[in-house]
Amino acid sequence: MFFRSAFLCILACLFSLSAYAEKPQLLLAKVYKGDIELTQYWVSEKLDGVRGYWDGKQLRTRQGRTIAAPQWFVEALPDVALDGELWIGRERFDEVSAIIRRQQATEQDWRKVKYMLFDLPGHPGTFNERVAALKRLVAKIDRRWVQMIPQRKLADEEALMALLDQVVEQGGEGLMLHKGESRYHSGRRADLLKLKPWQDAEATVVAHLPGKGKYEGKLGALLVEIPGGIRFRLGSGFTDQQRADPPPLGSQVTYKYTGLTSRGVPRFASFLRIYRP
């Protein structure tokens with residue numbers, strides 16, 4: 001009995017490890033602060049989905065986990081690297097995240113998902129050149145669920161902020177700005193910027209604080225901790241279901257906020273979602 005249990009445990013560990021590969025070396029965004037020549041950048045909507053890296057053979061998450069996409073979903077993808085977002089629609093992150101996490105999601109689930117492309121990691125040219133190459137590639141793939149995120153040029157910051165207001169009003173998360181003359185590289189640089197009406201970050205849940213009034217018997221707030229040992233409460237942004245079944249202690253959550261106090265505490269922090277690496 002002991003050896004059988006040990007054998008099954010080893011198999012489970014091997015299966016878990018096989019679901020992960022080396023972490024992709026992806027281009028990551030810095031926060032837009034307004035100190036750029038805007039006409040040099042392409043602007044697109046920041047989609048609230050799951051980052052999907054196609055390595056030429058399989059889809060992987062930002063952390064390197066293999067995504068169990070159906071064969072029909074990936075069969076037309078080329079043998080070159082693609083960078084994009086697996087997305088269903090605005091304000092539907094939890095739904096697409098659940099589908100991506102399942103090892104055996106149904107075909108009906110995957111029919112909702114689109115692979116929204118925004119870059120070609122292996123292309124040697126500038127982003128200006130990659131935009132043109134990606135348009136040609138998506139046309140060649142010719143699948144309804146494989147699309148390119150529209151890229152546009154804007155004249156000034158007034159136009160940028162007007163577009164941000166429009167996207168957010170329609171349920172979008174924000175905008176991405178990509179410098180046209182930049183080449184693909186890993187890590188965070190000012191070649192790629194994100195612009196949202198708020199900032200977001202991750203924190204670790206250290207306590208469940210009880211609710212009062214209409215929330216009596218449910219979660220009132222999460223006590224969370226961020227790097228540096230700073231602790232604060234997250235008391236808003238939860239659904240009734242999340243208050244009845246809150247994120248477990250030790251888990252990570254994503255919260256949104258609007259700047260920091262002089263002590264480094266996030267201002268107007270609000271729960272956004274459970275963090276999915």
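Since the structure is predicted, the reported quantities are computational estimates derived from the model, not experimental observations. Each residue takes its place number in the sequence, starting with 1.
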Practice task
Run the numbers on Arg130 and Asp119 for side-chain contact (heavy atoms from CB on, under 4.5 Å), then give the verdict.
Solution key: CA-CA 7 Å; Arg130 300 199 303 275; Asp119 216 332; 2.6 Å; yes
Problem - Flag, side chain of Asp55 to backbone of Lys57, donor-acceptor distance under 3.5 Å - result: yes
Handout entry: Note, Lys194 side chain near Lys30 side chain (heavy atom, < 4.5 Å)
Key = no
Problem - Heavy-atom check, side chain of Leu117 versus side chain of Leu137, under 4.5 Å - result: no
Problem - Heavy-atom pair of closest approach, residues Ile149 and Glu45 - result: CG2-O, 4.0 Å
Problem - Interatomic distance, Ile100 atom CD1 to Thr61 atom OG1 [nearest 0.5 angstrom] - result: 10.0 Å
Handout entry: Under 3.5 Å: donor-acceptor pair, side chain of Arg143, backbone of Ile141
Key = yes
Practice task
Identify the heavy atoms of Leu27 and Gly187 that sit nearest to each other, and give their distance.
Solution key: CD1-O, 3.7 Å
Practice task
Could you grab the distance from atom CD of Glu202 to atom OG of Ser251, nearest 0.5 Å is fine?
Solution key: 11.5 Å
Handout entry: Transitive ILVMFWY side-chain link Met176 to Val168, under 4.5 Å
Key = no
Practice task
Would you confirm whether His208, through its side chain, and Pro247, through its main-chain N or O, come within 3.5 Å as a donor-acceptor pair?
Solution key: yes
Exercise for the section: Kindly compute the distance separating CE (Met161) from CG (Leu154), expressed to the nearest 0.5 Å. Expected result: 11.0 Å
Exercise for the section: Kindly say whether Tyr275 contributes a backbone atom to a donor-acceptor pair with the side chain of Gln252 at under 3.5 angstrom? Expected result: no
Problem - Residue pair His178 / Asp191, side-chain donor-acceptor N/O under 3.5 Å - result: no
Handout entry: Rounded distance [0.5 Å steps], CZ in Arg92 versus OG in Ser97
Key = 13.5 Å
Practice task
Assess whether side-chain hydrogen bond (donor to acceptor under 3.5 Å, both in side chains) is satisfied between Asp109 and Thr106, documenting all intermediate values.
Solution key: CA-CA 5 Å; Asp109 285 335; Thr106 66; 3.1 Å; yes
Practice task
Kindly indicate whether a cation-pi arrangement holds for Lys179 with Trp42, taking the cut-offs as under 6.0 Å to the six-membered ring centre and within 45° of the axis.
Solution key: no
Problem - Side-chain donor/acceptor of Glu129 to backbone N/O of Thr126, under 3.5 Å - result: yes
Problem - Within the 6.0 Å centroid threshold, strictly below: Tyr255 and Phe232 - result: yes
Practice task
Take atom CD of Gln108 as the centre, draw a 6.0 Å sphere, and report whether it contains more than 12 heavy atoms from other residues, nucleotides or ligands.
Solution key: no
Exercise for the section: Starting at NZ of Lys153, measure out to OG1 of Thr39 and round the result to the nearest 0.5 Å. Expected result: 7.0 Å
Handout entry: Donor-acceptor contact below 3.5 Å, side chain Gln242 vs main chain Thr239
Key = yes
Exercise for the section: Tell me, with the steps shown, if Leu272 and Val253 meet side-chain contact (heavy atoms from CB on, under 4.5 Å). Expected result: CA-CA 8 Å; Leu272 202 54; Val253 296; over 6 Å; no
Handout entry: Quiz item: cation-pi between Arg273 and Phe93, 6.0 Å / 45°
Key = yes
Exercise for the section: Determine whether Leu260 and Pro266 make a side-chain contact, defined as any pair of heavy atoms from C-beta on separated by less than 4.5 Å. Expected result: yes
Using a 3.5 Å cut-off and no angle test, enumerate the donor-acceptor pairs between side-chain atoms of residues 75-84 and protein atoms at least two apart in sequence or in another chain.
unit_1: Asp83; atom_1: OD1; unit_2: Arg51; atom_2: NE; d: 2.9
unit_1: Asp83; atom_1: OD2; unit_2: Arg51; atom_2: NH2; d: 2.8
unit_1: Asp83; atom_1: OD2; unit_2: Tyr184; atom_2: OH; d: 2.8

Handout entry: All pairs passing salt bridge (Lys or Arg N to Asp or Glu O under 4.0 Å) where residues 242-267 contributes a residue, at least two apart
Key = none
Practice task
Could you tell me whether the side chain of Arg144 and the main chain of Lys114 form a donor-acceptor pair under 3.5 Å?
Solution key: no
Practice task
Scan side-chain atoms only and decide if Gln58 and Tyr53 contain a donor-acceptor pair under the 3.5 Å cut-off.
Solution key: no
Practice task
For residues Gln151 and Met148, determine if any side-chain heavy atom of one lies less than 4.5 Å from a side-chain heavy atom of the other.
Solution key: yes
Practice task
I would like to know whether Phe268 and Tyr257 meet ring pair (Phe, Tyr, Trp, His ring centres under 6.0 Å); could you show each step before the answer?
Solution key: CA-CA 5 Å; Phe268 308 112; Tyr257 65 104; over 10 Å; no
Problem - Ion pair check, Arg90 and Asp48, cut-off under 4.0 Å - result: no
Practice task
May I ask you to check whether Trp72 and Trp145 place their ring centers less than 6.0 Å from one another?
Solution key: yes
Practice task
Could you go through the side-chain contact (heavy atoms from CB on, under 4.5 Å) check for His185 and Gln25 one step at a time?
Solution key: CA-CA 8 Å; His185 54 77; Gln25 298 300 302; over 6 Å; no
Handout entry: Leu249 side chain reached by Val206 side chain, heavy atoms, under 4.5 Å
Key = no
Problem - Minimum side-chain heavy-atom gap Glu107-Pro70 below 4.5 Å - result: no
Practice task
State, with a plain yes or no, whether a side-chain heavy atom of Leu160 is found less than 4.5 Å away from one of Tyr32.
Solution key: yes
Exercise for the section: Work out which heavy atom in Ile226 is nearest to a heavy atom in Gly264; give both atom names and the distance. Expected result: CD1-O, 4.2 Å
Exercise for the section: List for me each residue that meets side-chain hydrogen bond (donor to acceptor under 3.5 Å, both in side chains) alongside Glu181, sequence neighbours excluded, and say none if there are none. Expected result: Asn128
Handout entry: N/O donor-acceptor pair under 3.5 Å between Tyr115 side chain and Gly52 backbone
Key = yes
Problem - Separation of Gln170 CD from Asp165 CG (nearest 0.5 Å) - result: 11.0 Å
Practice task
Treat each ILVMFWY residue as a node, draw an edge where side-chain heavy atoms are under 4.5 Å apart, and state whether Ile67 and Trp87 are in one component.
Solution key: no
Completion exercise
Heavy atoms of Pro150 and Ser44 approach each other most closely as O-CB, 3.2 Å
Handout entry: ILVMFWY cluster, Leu134 and Val43 together (side-chain gap under 4.5 Å)
Key = no
Handout entry: Heavy-atom closest contact (Val167 atom, Gly174 atom, distance)
Key = CG1-O, 3.9 Å
Problem - Cluster overlap Leu192 with Leu195, hydrophobic side-chain contacts below 4.5 Å - result: no
Practice task
Say whether, by atom type as modelled, one donor and one acceptor occur between the side chain of Arg188 and the main chain of Ala29 under 3.5 angstrom.
Solution key: yes
Exercise for the section: Say whether, by atom type as modelled, one donor and one acceptor occur between the side chain of Thr254 and the main chain of Ile274 under 3.5 angstrom. Expected result: no
Practice task
Answer with yes or no whether the hydrophobic clustering places Tyr215 together with Leu234; edges join I, L, V, M, F, W, Y residues whose side-chain heavy atoms lie under 4.5 Å apart.
Solution key: no
Handout entry: Arg233 atom CZ, neighbour heavy-atom count above 12 within 6.0 Å
Key = no
Exercise for the section: State plainly whether the residues Lys46 and Glu85 are in salt-bridge range, i.e. N to O under 4.0 Å. Expected result: no
Problem - Residue pair Leu222 / Phe238, side-chain heavy-atom distance below 4.5 Å - result: yes
